[in-house]
Novice: 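Below you'll find the structure I mean.
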There are 2 protein chains.
Amino acid sequence: MSNTSWIENKLKENGCKLTEQRRLIIKFFEAEPGHYTAQEVFEKVKGICSKINFSTIYRNLELLCNMGIIKKLDIESGISHYELNKPGHHHHVVCKGCGDMKEIDICPCETIANKELKAMGFQATEHKFEIYGYCRNCSKK
Amino acid sequence: MSNTSWIENKLKENGCKLTEQRRLIIKFFEAEPGHYTAQEVFEKVKGICSKINFSTIYRNLELLCNMGIIKKLDIESGISHYELNKPGHHHHVVCKGCGDMKEIDICPCETIANKELKAMGFQATEHKFEIYGYCRNCSKK
DNA sequence: ATTCATTTTGCAAGTCATTTGCATTTACAT
DNA sequence: ATGTAAATGCAAATGACTTGCAAAATGAAT
Ligand SMILES: [Mn+2]
Ligand SMILES: [Mn+2]
Ligand SMILES: [Zn+2]
Ligand SMILES: [Zn+2]
């Protein structure tokens, strides 16, 4: 009766093996919700399993993305962030000062975009909405 | 009395020199409005000025971005697109089938996001809003 | 517990877009 | 025509990410 998360069950169901590395990556996302780069995941897991390799991180991040367990965010040009894939969806407010990423639930598609899309015969599958600027702390110089 | 564009004037005002390469890059964006990768700009300009180098393309794209003449778009993970920076701003609807990028003028910030941002004391400077999916042609399989 | 097919890993090397250092060339004010 | 700052071409470097492959680990079947 280990405290196996739904994630680990989902992996098993799909014929994936539960390696220490994989467990640690998952545990990290579950224990410290946030938006992380592959580098950050690597460093965190490396603290516990020092033999882990970067390619293992990438391979597992991709696997977890494909299974819908985590989500890849292209917030910053040239570097991906990953977050646990919560039900529903949300958008981000990103501070260019401290890098903090807050989440917002307002969604442009529900309110304004959908009718425009229908008019142009476009089948939308996903969308991105991010706001950049300075948070309260960073803007008070 | 050459038909010098406002862009070339702006460059001169800032002490930039008008090289053939620079002129050609600008002319391309003006003559064929669209959303281009550095590669695409390179190929187009190379057709006229065969000695042009990729680093010249990148250096000029950055320069033109910094001067607000063109805009860098991070639509696709890992590859930047550039477009002429029109007055006002707009957003994009991107077809995952044919790659076509249509522009839309509806803006989530004007209608919904601004009050939320004010409430959280966030000073927004920019935002991104993109919709992905399949255009009329691509979705009729 | 042992066996074994299959999956996963570590490692090293490879991509690919973009950047950088530097010697040479070019633009343009004088 | 000259001088100087700016820009270019070239080659090498970067940095995030990917891939091939032999060795190791997992877990289902004995
Ligand atoms: Mn989030
Ligand atoms: Mn556009
Ligand atoms: Zn949304
Ligand atoms: Zn907008």
Side-chain angles (χ1 to χ4, degrees), chain A residues 2 4 7-27 35-43 45-67 69-82, chain B residues 2 4 7-27 35-67 69-82 99:
Chain A
S2 59
T4 311
I7 296 175
E8 300 199 342
N9 287 327
K10 187 160 188 177
L11 284 169
K12 290 204 131 181
E13 282 163 25
N14 283 68
C16 296
K17 293 179 177 177
L18 288 181
T19 61
E20 189 197 357
Q21 295 87 329
R22 204 163 268 173
R23 280 175 198 281
L24 288 171
I25 292 170
I26 294 165
K27 185 182 288 184
H35 310 85
Y36 301 106
T37 62
Q39 176 75 43
E40 288 166 335
V41 178
F42 174 69
E43 278 162 13
V45 174
K46 182 114 186 164
I48 302 161
C49 172
S50 65
K51 70 172 177 191
I52 200 170
N53 189 270
F54 238 115
S55 57
T56 303
I57 299 289
Y58 277 113
R59 280 189 277 233
N60 278 306
L61 289 175
E62 198 194 353
L63 176 81
L64 294 170
C65 275
N66 291 340
M67 301 188 59
I69 292 166
I70 63 175
K71 240 180 144 182
K72 185 181 191 177
L73 307 173
D74 295 314
I75 297 290
E76 216 174 312
S77 166
I79 183 156
S80 297
H81 288 247
Y82 300 84
Chain B
S2 58
T4 311
I7 296 176
E8 300 199 343
N9 287 326
K10 186 161 189 177
L11 284 169
K12 289 203 130 181
E13 282 163 25
N14 283 68
C16 297
K17 294 178 175 174
L18 287 182
T19 61
E20 189 196 357
Q21 294 87 329
R22 204 163 269 172
R23 281 176 199 279
L24 288 172
I25 293 170
I26 294 165
K27 184 181 289 186
H35 309 86
Y36 301 106
T37 62
Q39 176 76 43
E40 289 166 335
V41 178
F42 175 70
E43 278 163 13
K44 193 70 186 193
V45 174
K46 182 114 186 164
I48 302 161
C49 172
S50 66
K51 69 172 177 190
I52 200 170
N53 190 269
F54 237 116
S55 58
T56 302
I57 298 288
Y58 276 111
R59 280 191 276 236
N60 278 305
L61 289 175
E62 198 195 352
L63 176 81
L64 295 170
C65 276
N66 291 339
M67 302 187 60
I69 292 166
I70 62 174
K71 244 181 143 179
K72 185 181 190 177
L73 308 174
D74 296 315
I75 296 289
E76 216 173 313
S77 168
I79 183 155
S80 296
H81 288 246
Y82 301 84

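Chain A is the first sequence line, chain B the second, and so forth, proteins listed ahead of strands; every chain is numbered from 1.
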Novice: Output the rounded distance in Å from OH (A:Tyr58) to C1' (D:dC17).
Specialist: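 The distance from OH of A:Tyr58 to C1' of D:dC17 comes to 5 Å, rounded to the nearest Å.
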Novice: Rounding to an integer number of Å, can you tell me how far A:Glu8 CD sits from D:dG27 C1'?
Specialist: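 Atom CD in A:Glu8 sits about 15 Å away from atom C1' in D:dG27.
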Novice: Within this structure, what is the CZ-to-P distance between B:Arg23 and D:dT8, rounded to whole angstrom?
Specialist: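 After rounding, the reported distance stands at 12 Å.
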Novice: Under 4.0 angstrom, heavy atoms only, what part of the nucleic acid is A:Glu62 near: base, sugar-phosphate, or nothing?
Specialist: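 Nothing: the residue A:Glu62, judged by heavy atoms under 4.0 Å, touches no strand.
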Novice: Hey, which of these two, A:Lys51 or B:Ile52, hits DNA chain D nearer its 5' end, going by closest nucleotide?
Specialist: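 Closer to the 5' end of DNA chain D: B:Ile52.
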Novice: Map B:Glu20 and A:Ile57 onto DNA chain C by nearest heavy atom, then report which one ends up closer to the 5' terminus.
Specialist: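 Between the two, 5'-proximity favours A:Ile57.
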Novice: Counting just side-chain N and O atoms, does B:Thr19 come under 4.0 Å of either OP1 or OP2 of D:dA7?
Specialist: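 False: B:Thr19 side-chain N/O out of range (4.0 Å or more) of D:dA7 OP1/OP2.
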Novice: For A:Ser55 and for A:Leu63, find the nucleotide of DNA chain C with the closest heavy atom, then tell me which residue's nucleotide is more 5'.
Specialist: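 Per heavy-atom nearest nucleotide, the more 5' residue is A:Leu63.
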Novice: Tell me if a side-chain donor or acceptor on B:Arg22 pairs with a main-chain N or O of B:Asn60 at a distance below 3.5 Å.
Specialist: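 Between the backbone of B:Asn60 and the side chain of B:Arg22 there is no qualifying donor-acceptor contact (under 3.5 Å).
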Novice: Give a yes or no on whether a donor-acceptor pair under 3.5 Å exists between the nucleobase atoms of D:dA25, that is its base, and the side chain of A:Lys17.
Specialist: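 No, the side chain and the base share no sub-3.5 Å donor-acceptor pair.
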Novice: Starting at CD of B:Gln21 and ending at P of D:dC10, how long is that distance when rounded to a whole Å?
Specialist: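 It works out to 11 Å between those atoms.
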Novice: Counting only heavy atoms not in B:Lys44, do more than 12 sit closer than 6.0 Å to its NZ atom?
Specialist: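 Atom NZ in B:Lys44 is not packed in, count stays at 12 or less.
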Novice: To the nearest 0.5 Å, how far apart are CD1 in A:Ile75 and CG in B:Asp74?
Specialist: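 So the gap between those two atoms works out to 10.5 Å.
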Novice: Answer yes or no: is there a side-chain heavy-atom contact under 4.5 Å between A:Gln21 and A:Val45?
Specialist: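 No; the side chains remain at least 4.5 Å from each other.
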Novice: Is the ring centre of A:Tyr82 less than 6.0 Å from the ring centre of A:Tyr36?
Specialist: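 Distance test on ring centres: not under 6.0 Å, no.
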Novice: What are the 5'-most and 3'-most nucleotides of DNA chain C lying under 4.0 Å from any heavy atom of chain A?
Specialist: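 Here the contact window of chain A covers C:dT6 to C:dC11.
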Novice: Roughly, in whole Å, what's the span from CZ in B:Phe42 to C1' in D:dG9?
Specialist: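 So the CZ-C1' distance, B:Phe42 to D:dG9, works out to 11 Å.
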Novice: OP1, OP2 of D:dC17 versus side-chain N and O of A:Gln39: anything below 4.0 Å?
Specialist: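 No, outside the criterion.
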Novice: Between B:Asn53 and D:dA11, is there a contact of a side-chain N or O with OP1 or OP2 at under 4.0 Å?
Specialist: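 It does not, given that no N or O in the side chain of B:Asn53 lies less than 4.0 Å from OP1 or OP2 of D:dA11.
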Novice: Could you tell me how far apart A:Glu76 (CD) and D:dC17 (C1') are, to the nearest whole angstrom?
Specialist: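 It is 15 Å, rounded to the nearest whole Å.
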Novice: Once rounded to the nearest 0.5 Å, what's the spacing between atom CG of A:Leu63 and atom CD1 of A:Ile70?
Specialist: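 It is 9.0 Å, given to the nearest 0.5 Å.
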Novice: Taking NZ in B:Lys27 as the centre, count heavy atoms belonging to other residues, nucleotides or ligands within less than 6.0 Å. Is the count above 12?
Specialist: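 12 or below, so no.
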Novice: Could you tell me the separation between the CD1 atom of A:Ile79 and the C1' atom of D:dT14, rounded to a whole number of Å?
Specialist: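 My rounded result for the distance is 13 Å.
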Novice: Atom CG of A:Leu11 to atom P of D:dG27: distance rounded to whole Å?
Specialist: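 After rounding, the reported distance stands at 11 Å.
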Novice: Any side-chain N or O of B:Arg59 below 4.0 angstrom from OP1/OP2 of D:dA7?
Specialist: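 For B:Arg59, the contact criterion (side-chain N or O under 4.0 Å from OP1 or OP2 of D:dA7) is not met.
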